Amino acid sequence: MVRVRFAPSPTGYLHIGSPRTFIFNWLFARRQKGTMILRIDDTDVERNTQASLDSIFDGLNWLDLGWDEFYRQSDRLDLYTKAAWAIHAAGHAYRDFTPMSAAADDRAELGAWLCNPGMRELSPEESDRRVAAGEPFVLRFRVPRNTGRRVEFKDLVYGEQSKSCDDIEDFALLRSNGAPTYHHASCVDDVDLRISHVVRGQDHLSNTFKHILIFEAMGVEAPRFAHLPLLIAPDGAKLSKRKHGPVVSVTTYRDAGFLPHAYVNFLCLLGWNPKDDREKMSRQDLIDAFSFEGVNRSNAVVNFSENDPIDPKALWLNSQHLYAMSHDELAAALQPVFEAAGYAADPAKTRQVTPLIQERIKTLNDAPAAADFFFLDQLAPYDPAELIPQKGDAAMAEKALRVARQVLETANFTHDALDAALRAAATGIGVKAGQMFQPIRVAVCGRKNAPPLFETLEVVGRDACLKRLDQAVEKLNN
RNA sequence: GGCGCUAUCGUCUAAGGGUUAGGACGAAGCCCUCUCAAGGCUUAAAUACGGGUUCGAAUCCCGUUAGCGCUACCA
């Protein structure tokens, strides 16, 4: 039975790497018909913040993937304490009474980073005596040193890993305030929650040797491990809010009008590939194709810049998903966007507009600007010069507009009828179709670039069209 | 410093001994076309460096360089 967990700690905020780790866990769980667990690793009381916890939920909820079980380490502190003393009782840990402040300096200077001198060898009696005297201490793991022992495991992504115990320091299990460290709490929970696969960032690859030692000391089999390459900034540095700004936040993409699934799809392609040329993939496609075989080992750059926080490929992928949506589906997604823009958009109108702008937007947020003339009573001001067609002059523009007005007064407002009538009108006054259409387009839309003319006129409607044609002629004469 | 990991077009990546080193984004050009898009076609663009092994290396080995990670009573 596959059981995986995503275990963020609520310090800082949810940056783009976290949802990716979540997604890979989720994909593996779904692929294996297993269980996805969300666990909040909040053992560092000093650094936890509610804002950070909120941003984790905001981000994950937006992804719309969900999870099956939820835990919080702060609810389970007893578990870690008991487990730590069991490890101690088994002889795999010892008390270290070295004062906190002294430790860092001494270690650096003496090069004694493996353990604090003397503490490892303290007799049980001496150790107990100092506890009784009220001395604070850290509970440290006793790494089997000078045994020639190497810790080994096979990572599902990085392959065979091995490290000598002589290169592993006596890391802490319990802090002097009694709280468990990350390493300890994480391992204890992984055992308690029967985690089968630990899927996490590559920054934990080196830590895994310690974790395996802990599992051994608890007398249990270690889960399998799959480490994921990291997401980094274009300058090669790891993503940080301080250095790279809000671009590294999940909310950047959400607020830019991305479809949650497009974002998921994009993140999947950073460090993983389906072993074929597919890029745009549905949720089910991703589940079906996912395996750790397809995960590569080098860090992936998220391609953002100061003036453009969005990775161009993410934008393209979003557009591809947007274009693939049904008109009804897209219209439903666009409705709140139009409302937020202050447009008088009833769902029926939105539904009419949707097919005309679908291929002209890359994000949902592009829609209001692309569709303004469908909703605005009064067009935004435009340069009358835009009314003048290619190889034409103001006179030609005015003539085209006047003729168009006549035609539109009586024409059937359907695509085919408008097409036929306006083309005939162009021939009638001896101008090319394009020279006829361009002034009309600018008059009705307020700009040169817009959706196809006849469909547009149809949706804008006769009254508004006539009004705007009149206004255009007026503009031309001023 | 010690230990660990990584290294293919600008970016995401394929190719795990034999390919003109493939695809995608982005860029440029062309086609389509009532504009803009969308779509189609084309072009430019990469195996970090140096040694091996081999008939043959992007691929295996060693070294160098660079980047990242761990080296906390952070996670």
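Nothing here was measured: the structure is a model prediction, and the numbers come from that model. Below, chains carry the letters A, B, ... as their sequence lines are ordered, and counting in each starts from 1.
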Under 4.0 angstrom, heavy atoms only, what part of the nucleic acid is [X] near: base, sugar-phosphate, or nothing?
| X | result |
| --- | --- |
| A/H183 | base |
| A/K280 | nothing |
| A/G271 | sugar-phosphate |
| A/Y323 | sugar-phosphate |
| A/N296 | sugar-phosphate |
| A/K238 | sugar-phosphate |
| A/S9 | sugar-phosphate |
| A/P234 | nothing |
| A/P451 | base |

Determine the Euclidean distance between corresponding [atom1] atoms of [M] and [N]; express it in Å to zero decimal places.
| N | M | atom1 | value |
| --- | --- | --- | --- |
| B/U8 | B/A24 | C1' | 15 Å |
| B/C32 | B/G40 | C1' | 8 Å |
| B/A45 | B/G22 | P | 12 Å |
| B/U59 | B/G16 | C1' | 6 Å |
| B/A48 | B/G10 | P | 12 Å |
| B/G50 | B/A58 | P | 13 Å |
| B/C25 | B/A21 | P | 22 Å |

Review point. What about the rings of A/F209 and A/F153, do their centers lie closer together than 6.0 Å?
Key: yes
Point to revise | Lys/Arg N to Asp/Glu carboxylate O, A/D42 vs A/R72, below 4.0 Å | key: yes
Check your understanding: With a 4.0 Å cut-off, would you call A/R140 and A/D96 a salt bridge?
Key ->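 A/D96 and A/R140: salt-bridged.
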Practice item. Starting from the C-alpha separation in whole Å, work towards a yes-or-no answer on ring pair (Phe, Tyr, Trp, His ring centres under 6.0 Å) for A/F290 and A/F24. Key: CA-CA 8 Å; A/F290 187 78; A/F24 283 1; 5.6 Å; yes
Looking at [N], which nucleotide sits across from it as a Watson-Crick or G-U wobble partner, both distances under 3.5 angstrom, or is there none?
| N | value |
| --- | --- |
| B/U53 | none |
| B/C34 | none |
| B/G1 | B/U71 |
| B/G16 | none |
| B/U59 | none |

Length of the line joining [X]:[atom1] and [N]:[atom2], which is rounded to integer Å:
| X | N | atom1 | atom2 | value |
| --- | --- | --- | --- | --- |
| A/E293 | B/G16 | CD | P | 14 Å |
| A/I388 | B/U35 | CD1 | C1' | 16 Å |
| A/L173 | B/A72 | CG | C1' | 14 Å |
| A/H204 | B/A75 | NE2 | P | 10 Å |

Angle class for the [X]/[Y] ring planes (parallel below 30°, perpendicular above 60°, tilted otherwise)?
| X | Y | value |
| --- | --- | --- |
| A/F266 | A/Y263 | tilted |
| A/F22 | A/W67 | perpendicular |
| A/H211 | A/H204 | tilted |
| A/H415 | A/F454 | perpendicular |

[N] phosphate, OP1 or OP2: any side-chain N/O from [X] under 4.0 angstrom?
| X | N | result |
| --- | --- | --- |
| A/N303 | B/G26 | no |
| A/R140 | B/C73 | yes |
| A/R447 | B/U35 | no |
| A/K448 | B/C34 | no |

Review point. Within 45 degrees of the axis of the six-membered ring of A/F137 and under 6.0 Å from its centre: does A/R95 put its NZ or CZ there?
Key: yes
Review point. Is A/K154 positioned over the aromatic face of A/F225, cation under 6.0 angstrom from the ring centre and no more than 45 degrees off axis?
Key: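 Relative to the ring axis of A/F225, which defines the angle, A/K154 lies outside at least one limit.
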Practice item. Between A/A314 and A/Q320, just flag the one whose closest nucleotide in RNA chain B comes earlier from the 5' side. Key: A/A314
Exercise for review: Show the numbers, then the answer: is there a side chain to side chain donor-acceptor pair (under 3.5 Å) between A/D167 and A/S164?
Suggested key: CA-CA 5 Å; A/D167 293 322; A/S164 166; 4.5 Å; no
Could you list all N or O pairs between the protein and nucleotides 41-48 of chain B that sit under 3.5 Å apart?
none

Review point. In residues 40-50 of chain A, which residues come under 4.0 Å of RNA chain B by heavy atom?
Key: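 Per residue number, the list reads A/D41, A/T43, A/D44, A/R47.
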Enumerate all atom pairs, one protein N or O and one N or O from nucleotides 1-8 of chain B, separated by less than 3.5 Å.
unit_1: B/C3; atom_1: O2'; unit_2: A/K163; atom_2: NZ; d: 3.4
unit_1: B/C5; atom_1: O2'; unit_2: A/Q202; atom_2: NE2; d: 3.4

